[in-house]
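See structure below.
All chains are named by letter (A, B, ...) in the order of the sequence lines, taking the proteins before the strands, and each is independently numbered beginning at 1.
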Amino acid sequence: MTDPKRYLVTAALPYANGLKHVGHLAGAYIPADIYARYLRARKKDVVFVCGSDEHGTAIPIQAKKENTTPRAIIDKYHEAMKQDFDDLSIQFDVYHRTSEPLHHETAREFFTMLHENGDLETKESEQYYDEEAATFLADRYIKGTCPNCGSDRAFGDQCETCGRTLSPDELINPLSTLSGKTPVKKQTKHWYLPLGKHEQFLRDWILRDHKDDWRHTVSGQCRSWIDGGLQSRAVTRDLDWGVPVPLEEAAGKVLYVWFDAPIGYISATKQWALNNNRDWKPYWYDNDTKLVHFVGKDNIVFHCIIFPVMLKLHGNILPDNVPANEFLNLEGDKMSTSRNWKLDMRDYINDFVKKDNGGGQCVDMLRYYLTQIAPETKDSEFTWKGFQDAVNSELVSIFGNFVNRTFVLMHKLCAGKVPKLHEAVLDDNDKQMIADIAAAKESVENCLENYRFRDGLFQVIDLARKGNQYMQKKEPWILAKQVAEKPELQQQIHNCLHICLQLTANLALLVNPWLPSTAQKMCYMMKVVEKMLDWENAGKLKLLSVGYALREPQLLFRKIEDDEITYQVNKLKSGALQTNETPAPVPEKPAVPAKDIIQFDDFAKIELKTATVISCEKVPKADKLLKLEVDLGTEKRTIVSGIALHYTAEEMVGKQVVVVTNLAPRKMKGIESQGMILCAEDKSGKLQLVKPENPVDPGSNVS
RNA sequence: GCCGGGGUAGCUCAGCUGGUUAGAGCAUCGGAUUCAUAACCCGAAGGUCGGCAGUUCAAGUCUGCUCUCCGGUACCA
């Protein structure tokens, strides 16, 4: 979009069921914050909105887990996340929450318009209903036995043990988690958003109009979705936590969280307008508003497909870009909450920012490193060693050191004041440096405009590097020793320090979107007001006035010591170890079976036998399936088993396994499976075969 | 399996519509220097651009096949 009148920048609404980690930061919040700060520095009309996403079934679930109420959960995590963002200099213009009445009202209005315009479909279906609690049960509120792994910790949407996606109908022995009773099937009506109707619009808008300006990771994923066929999506669901559907016939139903959450951007904008006595409407209705969504790649489909369709139907503007980032790994592995392999924002804040030698410099160190490794084009990796290297050899040695030596020399050679620039004696080095400052402004700006934050920050550091080179060529400390014999050298010294100081001011300005605390500290040292950081001053040589006295230098960044790094790495590893070794917290009543008690006769219905794998091959065109021939002593059978991710076909041959031999046969990928192989599965989802301690004859009964 | 995105120096990445000896930063090694947080500066070394084949006067850059990593999706009794 050329020359937008105003900007609306959004960062993904974090879900209020736990603390967020540095992957979230690198993925959405830091890039969004950099962009918003840049626009503010350019005096653009910009609103940067975010807020807590507080609906959805995971909230009441989390409440149960923590033995409290949903309200307490969202209040707790809303405050915590808000605080963490604040501690890391993520400067939203408004941080709202979807539990606010303003949001409910906004979401209701949104739904109502779509409904009244006939843009939604309705469908009746049978859903589980808890008669005692007199409510329909969300998938998450039904538990039962997993048809896949047999675990009793399966829910209507997913099995906790094997992670398989489920539908409530698949559960064996479904039970309501509310009453503990067996639910009944009951007719229910829901509203759907028919995405398929908008396929052509999406194709034109994304694949044609934004062919060149969207990241190809983003448009590629969109194409994948569109080509895969766009299904209608339920907008409502039977749940009591969320925005009630504003229809009389929809009592007990709420808007699906995916529907109400992005509308949170709109309600946040409204709240901002109220707080600042402004009009929110142009930000969502005027075509000269540039809307940019910052999200992680898991959110692409919502922000590029679903929400735009909603916005179009509702008469709003569409996002100009969705610069989604990929994922951030940690020390060689994916970040994972369940395995405790992660770095929470709060942990960093406590271990670095809140320490005596911490503060803003540590905030900026993290912002620096997370930008430097930002997964803009592919997944990237956070390592503590990398963090240390980036801080020590770039921030400290190049950037911090340049500023420091400039200030020290200025105090030693120029009496603590900004020296004069003697234009008549400018040499090639001076001129080149001046040109480099102007050029840096252009390249940094270009990067920022195109969401290349990693490259932009590199350009800033590179300018500091050029400053070091320049100073080295000029060697004012050498000139100072000769000035007694050659007084004319004093002008060279002045020119060098003048340019270095103006360069320092420029560095403060250019680095400000990325490292705001550092920019402020530099302003303090230069005794200038923050207005100097206005982008229009960039590239110029007049940021500091001649003769102006500056403060004593203070170091911009401290070094990261080796022991801090080893401490963090050990902490990460031992934390992960703990979760691996300690089983899930034992409930107060130990090991009450979740399944119904059965009699011996029931058990006896299952025939279990040992078998030896004779041969084994991978089922073609299936990732998880192995086809096995097993010897049951008296017979041989073919079994198809979903263990290919854990065992290779070769290593299965010769192994003894336990087989359910009287299970009804089932065809998979065209092969009839005549039994089932038993496996144990740990928390991480790793499968282990169940087998006799010592080999026994094939066909031995297991009981 | 299908769809999408990657695989370029030890690490993190640039390389647009094909064109001279494939680039940068960090790390490493050597040198120089002292204004500076043993910092800076100069220099060197380091790559059969995942593999194979093809198109072309010319391919990291185009085509086909293949291996591998990351998502999504199907298979999981």
Side-chain angles (χ1 to χ4, degrees), chain A residues 145-150 159 162-166 170 172 215-229 296-298 300-301 326-327 329 334 369 372-381 383 385-386 389-390 392-398 400-413 452 454-455 458 461-462 464-465 467-481 493 496-497 500 553-559 619-626 639-645 660 663-671 673 675-677 679 687:
Chain A
T145 303
C146 177
N148 179 42
C149 67
C159 173
C162 65
R164 176 171 175 190
T165 310
L166 299 169
E170 294 177 273
I172 301 163
R215 291 185 178 166
H216 40 289
T217 47
V218 174
S219 39
Q221 238 193 82
C222 291
R223 178 145 29 97
S224 183
W225 268 83
I226 297 171
D227 288 347
K297 75 169 159 184
D298 49 334
I300 288 175
V301 61
E326 304 285 295
F327 288 152
N329 295 322
K334 286 179 224 189
Y369 182 54
Q372 200 219 45
I373 59 166
E376 288 177 359
T377 51
K378 56 184 165 193
D379 291 356
S380 66
E381 183 168 339
T383 63
K385 185 78 179 72
D389 279 350
N392 290 357
S393 56
E394 289 166 36
L395 272 185
V396 174
S397 300
I398 295 170
N401 184 229
F402 173 74
V403 173
N404 185 241
R405 66 199 295 214
T406 295
F407 262 73
V408 169
L409 277 174
M410 180 267 299
H411 275 97
K412 282 188 182 168
L413 308 180
R452 297 203 316 269
R454 197 175 50 197
D455 193 17
F458 175 82
I461 298 296
D462 202 46
R465 182 178 292 113
N468 279 319
Q469 290 164 345
Y470 166 70
M471 195 183 271
Q472 206 67 31
K473 282 184 197 144
K474 300 285 289 187
E475 293 185 314
W477 55 92
I478 304 280
L479 301 183
K481 289 175 186 163
I493 296 175
C496 176
L497 269 305
C500 283
Q554 37 183 259
L555 298 179
L556 291 179
F557 306 101
R558 70 175 182 85
K559 287 201 161 193
V619 176
K621 300 187 183 183
D623 285 354
K624 298 183 185 172
L625 300 182
L626 289 182
I639 291 177
V640 178
S641 178
I643 56 174
L645 260 27
V660 183
L663 197 62
R666 159 94 180 206
K667 261 197 175 179
M668 278 176 274
K669 289 279 166 191
I671 305 162
S673 177
M676 170 172 166
I677 291 176
C679 281
L687 289 181

Query - Interatomic distance, A/Ile643 atom CD1 to A/Leu626 atom CG [nearest 0.5 angstrom] - result: 5.0 Å
Query raised in the report: How many angstroms lie between atom OG1 of A/Thr377 and atom CD of A/Glu326, to the nearest 0.5 angstrom?
Result: 8.0 Å
Ignoring hydrogens and geometry, is there a side-chain-to-backbone donor-acceptor pair from [X] to [Y] under 3.5 Å?
X	Y	answer
A/Ser673	A/Ile639	no
A/Ser380	A/Ile373	yes
A/Glu376	A/Arg452	no

Write down the partner of [N] under the Watson-Crick or G-U wobble criteria, each distance required to be under 3.5 Å.
N	value
B/G64	B/C52
B/A77	none
B/U20	none
B/G43	B/C29
B/C2	B/G72

Check nucleotides 61-63 of chain B against the protein and report each pair of N or O atoms closer than 3.5 Å, with its distance, or say if there are none.
none

Would you say [X] reaches [N]'s phosphate, i.e. side-chain N/O to OP1/OP2 under 4.0 Å?
X	N	result
A/Thr377	B/U12	no
A/Arg452	B/A14	no
A/Gln469	B/C42	yes

Spacing of [X] atom [atom1] relative to [N] atom [atom2], expressed in whole Å:
X	N	atom1	atom2	answer
A/Met676	B/A77	CE	C1'	6 Å
A/Glu376	B/G71	CD	P	20 Å
A/Lys473	B/C42	NZ	P	7 Å
A/Asn329	B/G6	CG	C1'	13 Å
A/Asp455	B/G15	CG	P	9 Å
A/Asp379	B/G72	CG	C1'	13 Å
A/Lys624	B/A74	NZ	C1'	9 Å
A/Asp298	B/C70	CG	C1'	13 Å

When we call it a touch if two heavy atoms are under 4.0 Å apart, what does [X] touch: a base, just sugar-phosphate, or nothing?
X	result
A/Gly467	nothing
A/Lys334	sugar-phosphate
A/Val301	nothing

Query raised in the report: Should A/Tyr369 and A/Glu394 count as side-chain neighbours, where that means a heavy-atom distance under 4.5 Å?
Result: no
Query raised in the report: Just wondering, do A/Ser641 and A/Leu625 contact through their side chains at under 4.5 Å, heavy atoms?
Result: no
Between [M] and [N] - [atom1] atom distance, rounded Å:
N	M	atom1	answer
B/G50	B/G6	C1'	11 Å
B/C57	B/C49	P	23 Å
B/G47	B/U8	P	15 Å
B/U17	B/G10	P	27 Å
B/U28	B/C70	C1'	30 Å

Requested in this report: Using a 4.0 Å cut-off on protein heavy atoms (strictly under), produce a 5'-to-3' string for nucleotides 25-38 of chain B with B for base contact, S for backbone-only sugar-phosphate contact, and - for none.
Outcome: SSS------SBBB-
Show me the donor-acceptor pairs within less than 3.5 Å that the side chains of residues 401-409 of chain A make with the rest of the protein, sequence neighbours left out.
residue, atom, partner, partner atom, Å
A/Arg405, NH1, A/Asn468, OD1, 2.8
A/Arg405, NH2, A/Gln472, OE1, 3.1
A/Thr406, OG1, A/Phe402, O, 2.8

Report task. Answer yes or no for A/Lys297 and A/Phe327: cation-pi contact, defined as NZ/CZ to six-membered ring centre under 6.0 Å and angle to ring axis within 45°. Result -> yes
